[in-house]
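Encoded as structure tokens, the structure appears first; notes follow it.
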Amino acid sequence: MGAAGLWNVPGYAAVRELGAGGGGRVVLAAHEATGSHVAIKYLSEELRGEPGFLDRFRDEARLLVEIDDPHVVQLYEYVESGQGAAIVMELVNGTTLRALLRAEGATGPEAALAVLKGSLLGLSSAHEMGVVHRDYKPENVLVQGDGASKLADFGVAVRAGGSAVPAGTPPYMAPEQWTGVVPSAASDVYAATAVFFECLTGHRPYEATEQALLRHLHQTAPIPADDVPEPVRGLVERGLAKDPALRPASAAMFVAELEEAAAAAYGADWEERGRRRLAALAAALAATFPLNRPEAAEVSTSLARTVLQTALRAARRKGFKLTAAAGLLVLAAGGIGAYALDSGSGGRPAAHPVVPVAAPAATPASPAPLSPSPSPSVSPSPTGEPSATASTQASATPPDAAPPTSPASPSASAPAATAVASVTVGGLSLAPGASRTAPSAASGTVTVATSGTGKVALTVRFTLNGETAATEKITLNGARKYTRTVTHALGGHPCSGTWGITATTAPAARGGSSAATAKVPACPTAVTGLKVVSLKVSGPRTATAQVQVTADGTGPITLNGAFDAGDGGEGSKTATLSGKKSYTRTMSFTFPQRVCGRPVTFTASTDPPAPSASASRTVQTGCPAAVTSVAVARLARVLTAATTAVTVTTENAEPVRLTVTWLLAGKAAGSESVTLSGKTSYTVTLKFTYPRMPCGKTWGVTAATAPAAASGAATLTKKTGACVVLS
């Protein structure tokens, strides 16, 4: 029995209680054979005695053991005896999505997409095993320090097509869950989308204090898709469809739709940025992580996870079942381990510790540390009946429970003082914040080796450009080797220099303190100013704009220019800027048709975006003169006096310059110019007197316009009569 007379799972030393509620308690414990951390969920004695609850608790273990996926919290053992029932599971050193939403509000679209993808992958594994979760909510999504997420708590999960009794958490229940329809994967997709909506907006899609009204909203109210960013509205509308047949047929199919929409809207690296954002949000709550809380008993977490996972796979191959033996069967990492109880009378177990009669095939070793930050609770179902779940959601942290101890043998000598053999630092990672002012999440791994299991004080110092940015103190005891992942927010995101972690122990390590440093990744260049200096339209179709861009760095910037002439057409130009902090660029575009007489608009934007997003300028264009044709209609002469008539047609009434040149013997003898305007058709008569008109010579006129006619100048010539020779 553990502290205060509470039953503890044999083979595990309780470190402290992580949370408790009406459904039971969740305890941070150490596997005695390996020293690895686990989380143990104990069913409350009150519920254990109620009809059906123990069966449901046992069913949760059956379901969890079949799901082997990195996005789902893993089960290691299910233990049941006359003294209690418990599930031993993976310890997730992180926080719940509910805690993040409560502390930070909306996560931003990329982080929300990352959470949704991880959750859908976890649900997909469950659905492939024929399991429907039925209680997907932020309390059951655990976010780790690196931004990865895991799905927890299958307390009301059932086989697909199984029980139709309403169960779940009302704000996230699909319309069909309220009416007792046989559960399906589509119900989990609905709940996951509702949580996705909450991550995007900071509030639930439907909110009401009365369950009857909440049910009505889920079943009849329009989907509030306008509340979410436009690129992901289609995902929300699909996932929250009232009719389950209109939702994605499976979580796996929804993942495919999500990835396509996310890449189209936010680029191929959206998931990496989303994970970094989640890591930064989690870093602000790092002090609440189960293994980061002060005075937590520290044990080794570096033992091979392979031992447990290999054994767990062996257990799955052997199958999981409970028999009617006089005692109980324990689902263990090495297979089925039977624990016999003294039947006494009538097969009722006696109240003394269980004795193993068939040990597991392999000694279980816990995986890398992680904790659900759990506090068991029982949530009411829509019918008012409690659901059979001991939820691992975050709640108020109870006082630390002292680690279990064994009474010392009277003949035992006092233990030798613990010395620190070595301390090392590695695995540095810096996740930048979502903006220049958002905190960066710095993390690393500290490994401490000792000569004994006594207490060691570990001081971790985070440095930025040689100065201390944060300090964390951790107490280690109970093992000879410790591996701790430390995380801290560095404040505003640095853009240059170095950062690092220094670890010091008391007593001091044999080689002194250990430190590791890394270069701070350069911040992406931000655009600080964008201006369209000028916009001109030359000729009937060509527009030219001049743009100024300023930035806070010399990194690459994409400049986009959009030209628009309404019915006259539209087009775009793109330029890449880099190497300077100030740029002036000229961008030109030729429209497919004439744009004279129309307003022409040029809009400039950049990636990354400018503070004002875009800048634009509009000009009202006029139409330049255009000559359709010019012709010499008449040419006459009387002696040396010549007369000509020239016709000109134009596309508009803009001014046109007509020049007529008189010719004699192929050379210009004189010229005259007139300006034509106000009409689109002209006939001009001009006269010219030649100084002399020799016989047998060519004479005439050439008529040209400015602007030139489409067919060019017009020329008409004649020849004087042959000379008469007098004898």
Side-chain angles (χ1 to χ4, degrees), residues 2 8-18 26-42 64-65 68 70 72-79 86-94 142 144-146 148 150 152 289-293 295-315 330-335 337 359-374 392 400-406 427 445-450 452-456 458 474-486:
N8 284 327
V9 174
Y12 294 89
V15 177
R16 67 156 180 261
E17 193 172 86
L18 294 172
V26 175
V27 172
L28 170 64
H31 186 239
E32 292 175 343
T34 63
S36 297
H37 281 124
V38 296
I40 304 179
K41 181 162 67 173
Y42 291 92
L64 278 174
V65 77
D68 184 11
V72 177
V73 174
Q74 295 291 285
L75 177 144
Y76 299 140
E77 293 190 63
Y78 171 74
V79 183
I87 292 175
V88 182
M89 56 190 172
E90 177 184 3
L91 183 69
V92 179
N93 195 41
L142 309 177
Q144 306 174 66
D146 62 356
K150 285 180 179 280
F289 292 5
L291 292 179
N292 294 4
R293 297 177 190 172
E295 300 302 324
E298 181 64 34
V299 293
S300 172
T301 60
S302 62
L303 295 170
R305 180 187 182 100
T306 307
V307 176
L308 180 57
Q309 294 294 54
T310 301
L312 189 57
R313 286 192 290 270
V330 178
L331 171 66
T363 301
S366 176
L370 223 54
S371 165
S373 276
T392 54
D400 285 355
T405 59
S406 302
T445 301
V446 180
T447 301
V448 180
T450 64
T453 60
K455 284 190 176 182
V456 173
L458 171 64
I474 304 167
T475 299
L476 312 175
N477 72 298
R480 294 174 182 269
K481 188 174 182 180
Y482 311 86
T483 300
R484 293 296 303 272
T485 298
V486 290

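The chain is numbered in sequence order, starting from 1.
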Distance (rounded to the nearest 0.5 Å) between E90 CD and H37 NE2: 14.0 Å
Heavy-atom donor-acceptor pair, K41 side chain to V88 backbone, under 3.5 Å: no
Who are the side chain to side chain contact (heavy atoms under 4.5 Å, CB included) partners of T445, not counting sequence neighbours? T447, T483, T485
Over all heavy atoms of both residues, which pair between A30 and V15 is shortest? Give the atoms and the distance, please. N-CG2, 4.1 Å
Taking the side chain as every heavy atom from C-beta outward, state whether Y482 and T450 have any pair of such atoms under 4.5 Å apart. yes
About how many Å separate CG of L476 and NZ of K455, when rounded to the nearest 0.5 Å? 11.0 Å
So, do E77 and I87 sit near enough that their side-chain heavy atoms are less than 4.5 Å apart? no
Over all heavy atoms of both residues, which pair between G94 and P290 is shortest? Give the atoms and the distance, please. O-CD, 3.6 Å
CE on M89 to CD on Q74, rounded to 0.5 Å: 12.0 Å
Interatomic spacing from CD in E17 to OH in Y42 - rounded to 0.5 Å: 10.0 Å
Does R484 form a side-chain contact (heavy atoms from CB on, under 4.5 Å) with I474? I'd like the steps, not just the answer. CA-CA 9 Å; R484 293 296 303 272; I474 304 167; 2.9 Å; yes
What distance do T453 atom OG1 and R480 atom CZ have between them, rounded to the nearest 0.5 Å? 6.5 Å
Work out which heavy atom in Y78 is nearest to a heavy atom in A86; give both atom names and the distance. CD1-O, 3.4 Å
Does any non-hydrogen side-chain atom of Q144 lie less than 4.5 Å from one of F289? no
Evaluate the side-chain proximity of L18 to V27: yes if any heavy-atom separation is below 4.5 Å, no if none is. no
Between the CD1 atom in I40 and the CG atom in N8, the distance rounded to the nearest 0.5 Å is 7.0 Å
